[in-house]
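Just so it is clear, the values below take in all heavy atoms, side chains as well, and ignore hydrogens, waters and symmetry mates. We count residues from 1, following the sequence as given.
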Amino acid sequence: MSVILDSHPRSLPEPAAALQLIKPITWFPPMWAYLCGVVSSGETPQGRWTLVVLGIVLAGPVVCGMSQAANDWCDRFVDAINEPDRPIPSGRIPGRWGLWIALAMTVLSLLLAIPLGPWGFAATVLAVLAAWAYSAEPIRVKRSGLWGPGLVGLCYEGLPWFTGAAILSAGLPETPVILMALLFAIGAHGIMTLNDFKALEGDSRMGVNSLPVTMGPERAARLACWVMVLPQVLVIALLFTWDRPMHAAAILAVLIGQLAAMRVLLRDPRAKAPWYNGVGVTLYVSGMLVTAFAIRTLEVLP
């Protein structure tokens with residue numbers, strides 16, 4: 001394994017490999033959640049578009065990209081088993097360059113967060129700490145199939161949503177905004193569990209106790225489905241209670257679509273998890289935006 005990681009003659013990273021390291025495809029969820037927070041705040045972004053754009057860039061390419069670089073550095077030996085063609089184990093990012101990139105992006109994250117004010121800066125600090133706690137020893141939260149996906153779900157969906165709302169509100173968001181951000185973050189635990197299926201072999205050999213490893217693929221997939229469904233059921237119930245029946249009906253419709261996709265997933269979880277992450281997750285995040293519009297004018301809780 002050390003031969004794979006250390007014997008490559010390159011001294012500088014390949015530019016394409018550096019971009020692959022920060023995984024642009026993963027930037028969408030936190031960027032989308034941040035936009036949901038902006039919408040749910042009920043505030044107009046007029047005159048504050050710079051903060052909106054800065055927050056989107058920070059949530060996606062910078063903080064999420066940093067977390068991916070940190071995770072790949074800390075996972076380089078696992079990736080040598082699961083995906084040896086990734087930038088670090090393949091040698092296209094040689095030596096400690098993966099670590100230097102992650103550290104440089106950590107500093108950049110904190111610097112870019114300063115103009116976002118105290119709430120935005122505090123949320124960024126929390127996201128950065130969570131990213132390193134997830135991947136790095138001795139904490140390495142990702143070893144836990146319970147806490148690992150929960151932390152990622154919080155940082156991908158809940159924290160960016162809260163940040164977008166806090167920045168536009170210039171203060172603590174309203175209770176419905178915080179509650180909805182939290183519910184969708186909890187549901188994202190199931191999404192992250194399905195994402196662990198691709199690393200099943202390496203995780204089991206390297207002591208990462210993901211739910212697919214500890215429970216088996218079939219039981220883990222069923223649990224992930226329940227975790228995704230139940231928070232959305234509660235969102236629907238709350239929106240009906242708050243006199244938002246049309247929005248609640250729209251989320252019910254996308255939930256029915258997810259249930260249909262889950263039936264396909266559960267026939268062969270290992271093979272269908274990547275497919276579900278494309279189809280079912282698209283429906284899931286659609287419900288997030290519908291919810292954001294539903295609560296943007298909500299003033300009083302029942």
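For the atom pair I251 CD1 and I256 CD1, the distance stands at 12.5 Å (nearest 0.5 Å). Rounding to the nearest 0.5 angstrom, the gap separating the CG atom in L146 from the CG atom in L223 is 9.0 Å. Between the CZ atom of F197 and the CZ atom of R270 there is a distance of 8.5 Å, given to the nearest 0.5 Å. From F121, atom CZ reaches atom CG of L112 across 11.0 Å, with rounding to the nearest 0.5 Å. Note: L21 CG to M105 CE = 8.5 Å, rounded to the nearest 0.5 Å. Atoms CD1 and CZ, on I101 and R96 in that order, are 14.0 Å from each other to the nearest 0.5 Å.
Across every non-hydrogen atom of L239 and A248, the tightest pair is CB-CB, 3.9 Å. The shortest non-hydrogen separation linking T297 to R244 is OG1-NH2, 3.4 Å. The two residues S109 and V63 make their nearest non-hydrogen contact at OG-CG2, 3.7 Å. Of all the heavy atoms in D75 and R140, the pair that sits closest is OD1-NH2, 2.7 Å. Across all non-hydrogen atoms, the minimal contact from S135 to A70 is CB-O, 4.1 Å. Between I93 and G98 the shortest heavy-atom distance is CG2-N, 3.6 Å.
Defined by atom type and a distance below 3.5 Å, a donor-acceptor pair is missing between the side-chain atoms of D196 and S210. Counted by atom type alone, Q20 and R92 present one or more donor-acceptor pairs between their side chains at under 3.5 Å. For the residue pair W132 and T106, a side-chain donor N or O sits within less than 3.5 Å of a side-chain acceptor on the partner. Side-chain contact check for S40 and W161: at least one donor-acceptor pair (N or O, by modelled atom type) lies under 3.5 Å.
Tracing side-chain contacts under 4.5 Å through hydrophobic residues (I, L, V, M, F, W, Y), one never reaches L230 starting from L234; they form parts of separate clusters. Hydrophobic clustering (ILVMFWY, side-chain heavy atoms < 4.5 Å, transitive): I191 and L182 are in distinct clusters. Linking ILVMFWY side-chain heavy atoms closer than 4.5 Å, directly or via other members, places L183 and W242 in a single hydrophobic cluster.
Dense packing is recorded around CH2 of W275, with more than 12 heavy atoms of other residues, nucleotides or ligands lying under 6.0 Å away.
A 4.5 Å side-chain heavy-atom check between L179 and F184 finds every atom pair outside the cut-off. Between E83 and D85, the closest side-chain pair of non-hydrogen atoms falls below 4.5 Å. You'll find the side chain of W97 reaches within 4.5 Å of the side chain of L12, heavy atoms only. With contacts defined as side-chain heavy-atom distances shorter than 4.5 Å, the pair P84/D79 does not qualify. For the pair Y134/S67, no side-chain contact is recorded, criterion being any heavy-atom separation below 4.5 Å from C-beta on. Side-chain contact between W147 and K142 is absent, with no heavy-atom pair separated by less than 4.5 Å. Q258 is not listed as a side-chain neighbour of V229, based on a closest heavy-atom distance of 4.5 Å or more. L194 has its side chain within reach of Y276: a pair of non-hydrogen atoms, C-beta onward, lies under 4.5 Å apart.
Figure legend: cation-pi geometry between R76 and W73, with NZ or CZ positioned under 6.0 Å from the six-membered ring centre and within 45° of its axis.
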Decide side chain to side chain contact (heavy atoms under 4.5 Å, CB included) for H189 and L211; before the verdict, give the C-alpha distance in whole Å, the side-chain angles of both, and the deciding distance to 0.1 Å.
CA-CA 11 Å; H189 187 293; L211 292 183; 4.1 Å; yes
Start with the C-alpha gap between I167 and W119, add the side-chain angles, then the distance that decides, and say whether side chain to side chain contact (heavy atoms under 4.5 Å, CB included) holds.
CA-CA 7 Å; I167 290 171; W119 286 103; 5.6 Å; no
Decide side chain to side chain contact (heavy atoms under 4.5 Å, CB included) for L266 and R222; before the verdict, give the C-alpha distance in whole Å, the side-chain angles of both, and the deciding distance to 0.1 Å.
CA-CA 7 Å; L266 293 176; R222 285 195 296 271; 3.8 Å; yes
Output, in order, the C-alpha distance, side-chain angles, deciding distance and verdict of side chain to side chain contact (heavy atoms under 4.5 Å, CB included) for M288 and E157.
CA-CA 9 Å; M288 290 173 58; E157 307 295 1; 3.1 Å; yes
Solution key, residues 24-37 side-chain donor-acceptor pairs under 3.5 Å, sequence neighbours excluded:
from, atom 1, to, atom 2, distance (Å)
T26, OG1, K23, O, 2.7
W27, NE1, I22, O, 2.8
W27, NE1, K23, O, 3.4
W32, NE1, V285, O, 2.9
Y34, OH, L51, O, 3.2

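With a 4.5 Å cut-off between side-chain heavy atoms of Ile, Leu, Val, Met, Phe, Trp and Tyr, the cluster of L126 takes in L159.
Side-chain N or O atoms of Y156 include none that pairs as donor or acceptor with a backbone N or O of L151 at under 3.5 Å. Judged purely by atom type and a 3.5 angstrom limit, S169 has no side-chain atom pairing as donor or acceptor with the backbone of G171. The backbone N or O of V39 sits less than 3.5 Å from a side-chain atom of R296, completing a donor-acceptor pair.
Comment: R143 engages E137 in a salt bridge, judged by a side-chain N to carboxylate O separation of less than 4.0 angstrom.
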